[in-house]
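Read through the structure below, which is laid out as structure tokens, and then see the notes.
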Amino acid sequence: QVQMAESGGGLVQVGESLRLSCVASGRTLRFLNMGWFRQSPGKEREAVGSIPWDTGTPVYADSMKDRFTISRDGAKNTIYLQIDNLKPEDTAVYYCASGLKSTMPIFSRRAYSYWGQGTQVTVSS
């Protein structure tokens with residue numbers, strides 16, 4: 001079993017930056033793909049990016065690469081999401097997720113078995 005816990009969300013102004021954190025806990029953490037998703041009201045949950053365990057290199061969904069940076073601290077079992085130049089459309093609940101390698105695409109929700117509760121990011125316009 002793996003537990004994920006996000007933190008760092010809040011109210012921010014347009015143009016500001018925010019850094020989200022997610023701590024993973026459990027007995028099997030080393031070989032997990034770990035990533036970030038977000039979901040706005042009325043929209044499907046969409047992938048921001050992920051770090052496959054075997055590469056350790058972040059990959060980003062289209063339109064996410066410019067202002068989003070994902071990193072991982074293996075020693076702390078923590079994954080981070082840095083969001084720069086926040087825009088109103090970034091307002092969403094941000095989730096971290098993890099899962100073992102599967103046949104699903106890396107940006108598919110189905111590829112991840114373990115999810116956090118989400119942290120709200122609200123960007124004022």
Side-chain angles (χ1 to χ4, degrees):
Q1 298 84 11
V2 178
Q3 294 178 322
M4 314 291 291
E6 309 95 336
S7 63
L11 300 173
V12 295
Q13 293 182 330
V14 171
E16 293 184 344
S17 297
L18 196 64
R19 185 177 177 87
L20 308 181
S21 300
C22 176
V23 179
S25 61
R27 298 189 63 181
T28 306
L29 304 176
R30 185 174 181 178
F31 303 106
L32 294 174
N33 299 332
M34 302 181 68
W36 287 94
F37 289 73
R38 70 179 185 181
Q39 186 169 21
S40 299
K43 296 183 178 181
E44 295 183 356
R45 190 170 301 183
E46 62 178 347
V48 176
S50 181
I51 301 181
W53 73 267
D54 55 336
T55 66
T57 301
V59 291
Y60 301 92
D62 292 342
S63 77
M64 299 293 181
K65 188 175 182 179
D66 289 341
R67 299 184 297 109
F68 296 82
T69 304
I70 297 175
S71 59
R72 182 178 181 178
D73 186 336
K76 298 181 179 180
N77 299 319
T78 301
I79 188 170
Y80 304 94
L81 176 63
Q82 176 78 26
I83 313 174
D84 295 317
N85 191 23
L86 282 156
K87 301 179 179 180
E89 53 264 40
D90 294 325
T91 295
V93 177
Y94 286 75
Y95 300 89
C96 64
S98 63
L100 296 172
K101 183 179 180 180
S102 73
T103 59
M104 302 300 296
I106 191 69
F107 296 138
S108 171
R109 183 177 179 180
R110 301 291 186 179
Y112 301 88
S113 299
Y114 310 104
W115 294 82
Q117 296 297 312
T119 184
Q120 176 72 47
V121 174
T122 303
V123 184
S124 63
S125 60

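Worth knowing before you read on, the calculation uses all heavy atoms, side chains too, and leaves out hydrogens, waters and symmetry mates.
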> Side chain of Q13, backbone of S124: donor and acceptor closer than 3.5 Å?
Replying inline: no
> Would you call E46 and R38 a side-chain contact if the rule is heavy atoms closer than 4.5 Å?
Replying inline: yes
> If you look at every heavy atom in A111 and P105, which pair is closest and at what distance?
Replying inline: CB-O, 3.5 Å
>> Tell me the closest heavy-atom pair linking Q117 and E6, and the distance in Å.
In response: N-OE1, 3.1 Å
> Around Q82, counting heavy atoms of other residues, nucleotides and ligands shown, do more than 12 lie under 6.0 Å from its CD?
Replying inline: yes
>> I'd like to know if the side chain of N33 reaches the main chain of S98, judged simply by a donor and an acceptor atom lying under 3.5 Å from each other, with no hydrogens or angles considered.
In response: no
> Any link between V93 and L20 through a network of hydrophobic side chains (Ile, Leu, Val, Met, Phe, Trp, Tyr) touching at under 4.5 Å?
Replying inline: no
> Is there a donor-acceptor pair closer than 3.5 Å between any side-chain N or O of Y95 and the backbone N or O of Q39?
Replying inline: no
> Which heavy-atom pair separates P52 from V59 by the least distance, and what is that distance?
Replying inline: CD-CG2, 4.3 Å
>> Given 3.5 Å as the limit, does a donor-acceptor pair link the side chain of Q3 with the main chain of G26, or not?
In response: no
>> Any side-chain to backbone donor/acceptor pair from R67 onto D84? Under 3.5 Å, distance only.
In response: yes
> Is the number of heavy atoms from other residues, nucleotides or ligands under 6.0 Å of D62 CG greater than 12?
Replying inline: no
> Do the side chain of Y112 and the main chain of L100 share a donor and acceptor less than 3.5 angstrom apart?
Replying inline: no
> Hey, what do you get for OG1 (T103) to CZ (R110), rounding to the nearest 0.5 Å?
Replying inline: 12.0 Å
> To the nearest 0.5 Å, what is the distance between OG (S113) and CD (Q1)?
Replying inline: 11.5 Å
> For the residue pair Q120 and T91, what are the closest heavy atoms and their distance?
Replying inline: NE2-CG2, 4.0 Å
> Does L81 share a hydrophobic cluster with F107, counting links as ILVMFWY side-chain heavy atoms below 4.5 Å and allowing steps through other members?
Replying inline: no
> Would a 4.5 Å heavy-atom cut-off, applied to side chains only, mark R109 and E44 as touching?
Replying inline: no
> Where do I83 and V12 land on the side-chain contact (heavy atoms from CB on, under 4.5 Å) test, with the steps shown first?
Replying inline: CA-CA 11 Å; I83 313 174; V12 295; over 6 Å; no
> Considering only heavy atoms from C-beta outward, does the side chain of T69 approach that of Y60 to under 4.5 Å?
Replying inline: yes
>> Please give me the minimum heavy-atom distance between S40 and A92, naming the atom from each residue.
In response: OG-CB, 3.4 Å
> Checking side-chain contact (heavy atoms from CB on, under 4.5 Å) for the pair F68/D90: CA distance, chi angles, key distance, verdict?
Replying inline: CA-CA 11 Å; F68 296 82; D90 294 325; 3.8 Å; yes
>> For residues I79 and M64: do they belong to one hydrophobic cluster (side chain heavy atoms under 4.5 Å, members Ile, Leu, Val, Met, Phe, Trp, Tyr)?
In response: yes
> Sub-3.5 Å donor-acceptor pair from the side chain of S50 to the main-chain atoms of M34, do we have one?
Replying inline: yes
> Taking side chain as C-beta onward, heavy atoms only, is C22 less than 4.5 Å from Y94?
Replying inline: no
> Would you find more than 12 non-hydrogen atoms of other residues, nucleotides or ligands less than 6.0 Å from E89 atom CD?
Replying inline: yes
>> Which heavy atom of F37 sits nearest to which heavy atom of S108, and what is that distance?
In response: CZ-O, 4.0 Å
> Under a single-linkage definition using a 4.5 Å side-chain heavy-atom cutoff for Ile, Leu, Val, Met, Phe, Trp and Tyr, are Y114 and I51 assigned to the same hydrophobic cluster?
Replying inline: yes
